[in-house]
Amino acid sequence: MLALIKKLIPQKTSKKEVTGPIAPHINSNPRFITEPEKILTILNAVTNIPILCTIPTGASDEVYSTQIVELIDRKKLLTFKALDSNEGNQSLKQHKQLKLITHYNNIHISILLDKIVAHKIQHSAYFQAPLPLRIYYPQRRQFIRIDASNHHFTFQGVSERTSATVGGTIENISRRGLAVIIDNTTARTRIGEVLKNCTLTLDEQTKIHFDFTIRHQRPYSQNALVTIGGSFTETFTMEEQLSLDNLLASLERTEAVARNDI
């Protein structure tokens, strides 16, 4: 899985700005969460998962990744890992500002951290920042799907209705579901049916297992190929959820680079 993630994440990336424009006054924009309890809820929810970030005041326009590892409520501080680049860590020490980019409730959010301080324990570096006073939270589409068509991840399941095997490649994926390109002449799927014992294969070592409910279906091209889209209907193991989170963080980073959207 590590080799896959390294392959997906480019070594050098260029971005102009982070999703989530600078907002008006803190209490005047409904796209921002400002209640302290809700801010803590969101920060706790995204703790220990890979998060993309940029240094908005720095000269470089690189995109990095990090993880929030601890919230210290009584001190109003959050602790996060060193960035995945020495250059980025040096820039962060200088500019002391970071914009985090992740998802919450399947919505693309961004979090601006300021007054960041660098720390070191033995040979391990980390950073701390005051808790943010607001989080950019535009409540738009429920599912944010990320293009995966260039990576040839494979899917296989069994129709509960016909017992036929349904297989194909992943077109896009989110934390709640995916779309699969299949040959409908062999599967004959229908909206509303359940595919059982599904397997999403990321590489030889990494497979994610679930049941899948088909929510929509559309032609993919002029031939018999169709795209079926739907949602996961079973909870992943902790290891599978981590694999999916790591994959999505990598795909989000690659997609952002390609769209020049961060």
Side-chain angles (χ1 to χ4, degrees), residues 1-9 45-46 48-50 102-108 139-255 258-259:
M1 184 63 190
L2 181 59
L4 171 67
I5 298 303
K6 288 182 177 179
K7 181 179 179 182
L8 290 175
I9 300 180
V46 300
N48 293 323
I49 66 172
T102 186
H103 288 91
Y104 177 71
N105 285 344
N106 301 294
I107 294 173
H108 201 157
Q139 299 190 38
R140 46 196 185 197
R141 60 179 296 186
Q142 184 178 9
F143 299 106
I144 301 210
R145 300 262 171 136
I146 306 164
D147 180 44
S149 57
N150 292 329
H151 302 287
H152 307 292
F153 303 130
T154 60
F155 169 94
Q156 184 169 297
V158 177
S159 170
E160 189 175 47
R161 178 176 59 88
T162 65
S163 299
T165 299
V166 179
T169 57
I170 303 303
E171 182 180 42
N172 58 61
I173 187 170
S174 76
R175 286 172 172 78
R176 296 287 298 275
L178 48 77
V180 190
I181 303 168
I182 66 168
D183 184 345
N184 202 41
T185 61
T186 60
R188 295 296 181 187
T189 55
R190 294 180 182 176
I191 295 174
E193 74 174 289
V194 176
L195 304 182
K196 306 290 287 187
N197 303 317
C198 299
T199 302
L200 169 60
T201 302
L202 304 182
D203 57 32
E204 292 182 358
Q205 291 77 37
T206 309
K207 300 179 187 293
I208 298 174
H209 303 89
F210 51 91
D211 288 349
F212 180 76
T213 301
I214 299 175
R215 304 296 185 188
H216 60 83
Q217 183 168 307
R218 58 179 171 80
Y220 178 73
S221 62
Q222 297 300 319
N223 53 32
L225 296 180
V226 300
T227 296
I228 58 172
S231 55
F232 306 125
T233 57
E234 285 205 354
T235 304
F236 306 125
T237 66
M238 291 182 64
E239 183 178 1
E240 289 174 332
Q241 185 65 62
L242 180 59
S243 295
L244 181 61
D245 285 339
N246 285 338
L247 171 67
L248 289 168
S250 301
L251 290 174
E252 286 167 6
R253 181 170 183 168
T254 302
E255 185 180 79
R259 293 195 329 256

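Below, all heavy atoms of this structure are taken into account, side chains as well, without hydrogens, waters or symmetry copies.
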Task: Heavy-atom closest pair, residues Asn246 and Pro50 - done: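 Here Asn246 and Pro50 meet closest at OD1-CG, 3.0 Å.
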- [ ] Taking all heavy atoms of Tyr104 and all of Ala45, pick out the closest pair and write down the distance.
- [x]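 Minimum heavy-atom contact is CE1-CB, 3.5 Å.
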Task: Of all pairs that satisfy salt bridge (charged side-chain N to carboxylate O under 4.0 Å, His left out), the ones with a partner from residues 150-159, not counting sequence neighbours - done: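 Sorted result for residues 150-159: empty, none.
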- [ ] Scan for salt bridge (charged side-chain N to carboxylate O under 4.0 Å, His left out) pairs involving residues 157-171, sequence neighbours excluded, and state none if there are none.
- [x]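 Salt bridge (charged side-chain N to carboxylate O under 4.0 Å, His left out) check on residues 157-171 returns Arg161-Glu193, Glu171-Arg218.
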Open item on the list: With heavy-atom distances below 4.5 Å as the criterion, would you say the side chains of Thr189 and Val166 are in contact?
Closed with: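 Contact flag for Thr189/Val166 side chains = yes.
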Open item on the list: Does either side chain, that of Asp203 or that of Thr206, offer a donor lying less than 3.5 Å from an acceptor on the other one?
Closed with: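 Checked: Asp203/Thr206 side chains pair up, N/O donor to acceptor below 3.5 Å.
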Task: Test item: side-chain donor near acceptor, Thr162 and Arg188, under 3.5 Å - done: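 Distance-only check fails for Thr162 and Arg188.
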TODO: Fit a plane to each ring of Phe210 and Phe232, take the angle between them on a 0 to 90° scale, and name the class: parallel (under 30°), tilted (30 to 60°) or perpendicular (over 60°).
DONE: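 Perpendicular, since the angle between the ring planes exceeds 60°.
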TODO: Can you label the angle between the Phe153 ring and the His151 ring as parallel, tilted or perpendicular, going by 30° and 60°?
DONE: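 If you compare the ring of Phe153 with that of His151, the planes turn out parallel.
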TODO: Give a yes or no answer on whether the side chain of Thr227 reaches the backbone of Ala179 with a donor-acceptor pair at less than 3.5 Å.
DONE: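 Absent.
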TODO: Measure from the side-chain N and O atoms of Asn172 to the backbone N and O of Ser149, and report whether any donor-acceptor pair falls under 3.5 Å.
DONE: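 No: the side chain of Asn172 does not pair with the backbone of Ser149.
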Gap between atom [atom2] of [Y] and atom [atom1] of [X] - 0.5 Å precision:
X	Y	atom1	atom2	result
Lys196	Thr213	NZ	OG1	8.5 Å
Ile214	His216	CD1	NE2	10.0 Å
Ile170	Asp147	CD1	CG	11.5 Å
Leu200	Ile173	CG	CD1	5.0 Å
Ile208	Glu240	CD1	CD	6.5 Å

Task: side chain to side chain donor-acceptor pair (under 3.5 Å) against Thr199, all qualifying residues, sequence neighbours excluded - done: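 Checked Thr199 against side chain to side chain donor-acceptor pair (under 3.5 Å); zero matches.
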TODO: Apply the test side chain to side chain contact (heavy atoms under 4.5 Å, CB included) to residues Leu248 and Arg175: give CA-CA distance (whole Å), side-chain angles for both, the deciding distance (0.1 Å), then the verdict.
DONE: CA-CA 8 Å; Leu248 289 168; Arg175 286 172 172 78; 3.2 Å; yes
TODO: Given side chain to side chain contact (heavy atoms under 4.5 Å, CB included), test Phe155 with Ile181 step by step and report yes or no.
DONE: CA-CA 9 Å; Phe155 169 94; Ile181 303 168; over 6 Å; no
- [ ] Just do the side chain to side chain contact (heavy atoms under 4.5 Å, CB included) check on Leu225 and Ile182 with the steps written out, would you?
- [x] CA-CA 6 Å; Leu225 296 180; Ile182 66 168; over 6 Å; no
- [ ] Under the side chain to side chain contact (heavy atoms under 4.5 Å, CB included) rule, what do Cys198 and His209 come out as? Steps first, then yes or no, please.
- [x] CA-CA 6 Å; Cys198 299; His209 303 89; over 6 Å; no
